[in-house]
Each structure stands twice: as structure tokens, then as C-alpha cells.
Amino acid sequence: MPPAPTLTALAPMEPCSDYDVVRRALEHLTTRFRDQPSTEEVAAAVGLSPSHFNHVFRRWCGLSPKAFLQAVTLDRARGLLRREDANLLDAAYELGLSGPARLHDLFVTHEAMSPGAFKTGGAGLDIRWGVAPSPFGLAVLAATDRGLCGLGFADDEAGVPDARDDLAGRWPAARMIRDDAHVAPYAALAFDPALWSSDRPLRLVLIGADFQVEVWRALLSIPLGRATTYGRLAEELGRPKAARAVGAAVGRNPISFVVPCHRVVGATGALTGYHWGLTRKRAMLGWETAGAGG
DNA sequence: AATTCGGGCTAGG
DNA sequence: CCTAGCCCGAATT
């Protein structure tokens with residue numbers, strides 16, 4: 001029996017501590033965006049010198065804070081909502097795997113849970129869960145023997161129980177087993193899409209009602225660095241009037257980030273909401289657009 | 001621009 | 001049944 005992994009082992013890793021700075025900066029900017037705070041003011045607000053703040057930020061997403069802000073400060077994501085994306089579902093399969101905006105999602109395999117297992121709330125199902133650092137705070141991951149079935153977030157260690165309960169509540173009858181080592185490889189793949197390949201697929205298990213799984217599968221076809229709206233998704237699913245229902249289903253996405261629910265915004269470009277916090281959605285969209293060179 | 005309002009659809013209790 | 005939800009568009013300040 002190996003010793004239980006501890007969170008202190010994660011502390012020295014960069015992504016989490018960087019995200020803490022980024023998160024506080026984004027929160028400050030969001031509440032004060034009307035004042036157009038300068039980079040210096042934001043640095044002061046998070047308790048760092050301007051140059052240190054700049055350095056941490058660049059390490060986090062490769063972009064200066066100022067450039068990053070233009071993308072997400074005002075909670076408008078219009079730049080990601082290109083007209084030619086109007087029918088992403090078709091476009092995704094036509095484009096295949098080539099092109100600058102690589103459709104990494106097609107490397108992900110997914111399968112719906114059998115109806116029986118879903119109806120019983122996961123009775124008889126063993127789910128291993130654990131914590132790993134990520135660019136967006138502490139990631140809380142859950143996996144069955146078929147693949148990754150849950151991914152949530154916590155700002156710090158104190159938030160881990162809530163995130164765990166949030167995931168566990170989706171399969172109330174399943175047995176939850178703490179196993180950080182077991183989920184570590186999933187975390188490594190999930191947050192480094194460059195590693196995704198057909199040789200090493202990231203296996204996903206989507207557990208939900210039919211309509212929800214349909215919506216989550218559709219999310220997988222939204223390319224990195226792009227976005228769509230709840231209404232567009234509804235149309236693609238052949239239910240043009242179901243935008244709100246789509247929103248509800250998107251909000252229940254159990255494998256956040258990997259199933260990119262953060263790439264869905266309101267029809268006006270407003271970010272609307274996010275189950276794991278709007279700040280985190282801002283961070284993800286900015287991080288991705290920066291990485292996509294766009 | 002920024003709010004308000006009613007219509008709309010689905011999952012879950 | 002009922003209610004709530006990561007909505008949307010038009011109408012109204």
C-alpha cells in the first residue's frame with residue numbers, strides 16, 4: 001500500500017500559483033473594468049510589482065496582461081464568433097485534422113454510459129477521483145475504468161471537497177475512491193492538447209441523459225480558439241427553439257475544459273455563465289486564444 | 001446601451 | 001405536475 005499522495009507535493013508546481021495571480025487579477029478587472037485600470041494598478045491589487053506581475057502573466061498564457069485584457073475584460077467574445085462558424089458541426093468534420101486551428105477534439109473518444117448504469121445513479125460503478133494542478137487552479141478529476149468521466153475545479157485545497165461533491169452528486173450510487181495517482185495521467189493529457197494524438201487518445205465517458213450527451217458531443221466539435229452560441233448549438237441539434245435547454249445541458253457538462261463548454265457564449269458575445277465560475281471561463285477563453293495565436 | 005419581459009425547452013425532483 | 005436553468009429577441013426605458 002503506497003503512501004497517500006499529499007497536496008503539498010503539488011505546491012511547487014507553477015500552473016496553480018500562476019493561476020492564483022491570474023484569477024485575482026481577472027476578478028479585480030471584472031469589478032473595476034469601468035475605471036480602465038492600468039497594468040500597474042492591477043499588479044498592485046494582486047500584491048506584485050508590475051514587472052513580476054507581467055512575468056507571471058506571460059508565463060501563464062504567453063501574452064502580456066494588456067493584450068489579454070482586450071480579449072476578455074469586457075466579457076465580449078465577439079471576435080471568437082465568426083460567421084463562417086455558423087455550422088460548426090459540419091465544418092468540423094469537413095476540415096478534418098489539418099489546419100492551424102487543429103481540431104484536437106477529434107482525438108477524443110467518447111461513449112455514452114449505458115442507460116441502465118445511468119438510471120441507477122452509477123450503482124456498482126467504481127469511480128476513482130483525485131486532484132492535480134492545472135492552469136486554472138486545482139483540477140478535480142474522476143474516472144471509471146472506461147475513461148475520464150468528470151473534471152471540475154477548485155481555487156485552493158479548501159475548495160476541493162465542494163468540487164468533489166459536485167462531481168460525486170452526478171452519480172450518487174457510485175463508489176468514490178480517492179486515487180490521485182490514477183487520475184494524474186488524465187490531468188497531464190487534458191491540459192496539454194498538444195499531446196493528444198490517435199496513438200494516445202484521451203478516453204472520455206459521457207454519463208447523462210440522451211439530450212445532454214447529444215449536447216456534450218456537439219461541444220467537442222468547437223475548435224480551440226473559437227466559440228459558438230447557445231442558439232447556434234440548438235439549431236445544429238435540430239431544435240432551433242431550445243437554446244435555453246441547451247444552456248442547461250451545457251451547464252451540466254461533467255468534464256469541463258476537455259468538453260469545451262467554456263467556448264459557448266451568449267448571442268451578444270457576453271459570456272453569460274459558467275458552472276465553475278465566470279472568472280475561470282474568462283481565463284480559459286483568454287488562455288486559449290493566446291495559445292492559438294489569435 | 002442597459003434593463004425588463006415573455007416565450008421557449010429539457011431534466012430532475 | 002412543477003421549477004429552475006451557462007437563453008433569446010423584442011420592447012422599453
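Residue numbers start from 1 in every chain, and the chains themselves are labelled A, B, ... in the order their sequence lines are given, proteins ahead of strands. Just so it is clear, the model here is predicted, and its values are computed rather than measured.
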Exercise. Could you tell me whether A/Ala245 contacts a base, only the sugar-phosphate backbone, or nothing, with contacts defined as non-hydrogen atoms closer than 4.0 Å?
Key: base
Quiz item: Atom CD of A/Glu235 to atom P of B/dG8: distance rounded to whole Å?
Solution: 16 Å
Quiz item: What is the distance from CZ of A/Arg244 to C1' of B/dT10, rounded to the nearest Å?
Solution: 11 Å
Quiz item: Residues two or more places apart in sequence or in another chain: which of them pass salt bridge (charged side-chain N to carboxylate O under 4.0 Å, His left out) with A/Arg244?
Solution: none
Quiz item: Is the shortest heavy-atom distance from the side chain of A/Ile207 to the side chain of A/Val205 under 4.5 Å?
Solution: yes
Quiz prompt | A/Asp155, A/Val22, A/Leu26 screened by side chain to side chain contact (heavy atoms under 4.5 Å, CB included) with A/Arg280, the one that passes | solution = A/Asp155
Self-check item: Opening and closing nucleotides of DNA chain C in contact with chain A, under 4.0 Å to non-hydrogen atoms
Solution: C/dG5 to C/dG9
Quiz prompt | Of the listed nucleotides B/dA11, B/dG8, B/dC9, the one nearest the side chain of A/Phe211 | solution = B/dA11
Exercise. Given side chain to side chain donor-acceptor pair (under 3.5 Å), test A/His262 with A/Glu288 step by step and report yes or no.
Key: CA-CA 10 Å; A/His262 55 282; A/Glu288 286 192 343; 3.0 Å; yes
Quiz item: Whole Å only: how far is the CG atom of A/Asp210 from the P atom of B/dG12?
Solution: 11 Å
Practice problem: Select from A/Val265 and A/Ala248 the residue whose nearest nucleotide in DNA chain C is closer to the 5' end of that strand. | Solution: A/Ala248
Exercise. Check A/Asp180 against A/Val131 and note the closest heavy-atom contact, atom names and distance.
Key: OD1-N, 3.0 Å
Quiz item: Can you name the closest pair of heavy atoms from A/Tyr186 and A/Gly147 and give their distance?
Solution: OH-CA, 3.4 Å
Practice problem: With P as the reference atom in both, quote the distance from C/dC6 to B/dG7 in angstrom, rounded to an integer. | Solution: 22 Å
Self-check item: Nearest heavy-atom neighbours spanning A/Trp60 and A/Asp18
Solution: CD1-CB, 4.0 Å
Quiz item: In what stems does DNA chain B take part, counting only runs of at least 3 consecutive Watson-Crick or G-U pairs whose two distances fall under 3.5 Å?
Solution: B:1-7 with C:7-13, B:9-13 with C:1-5
Practice problem: Determine the interplanar angle of the A/Phe153 and A/Phe136 rings, folded into 0 to 90°, and report it as parallel if under 30°, tilted if 30 to 60°, perpendicular if over 60°. | Solution: perpendicular
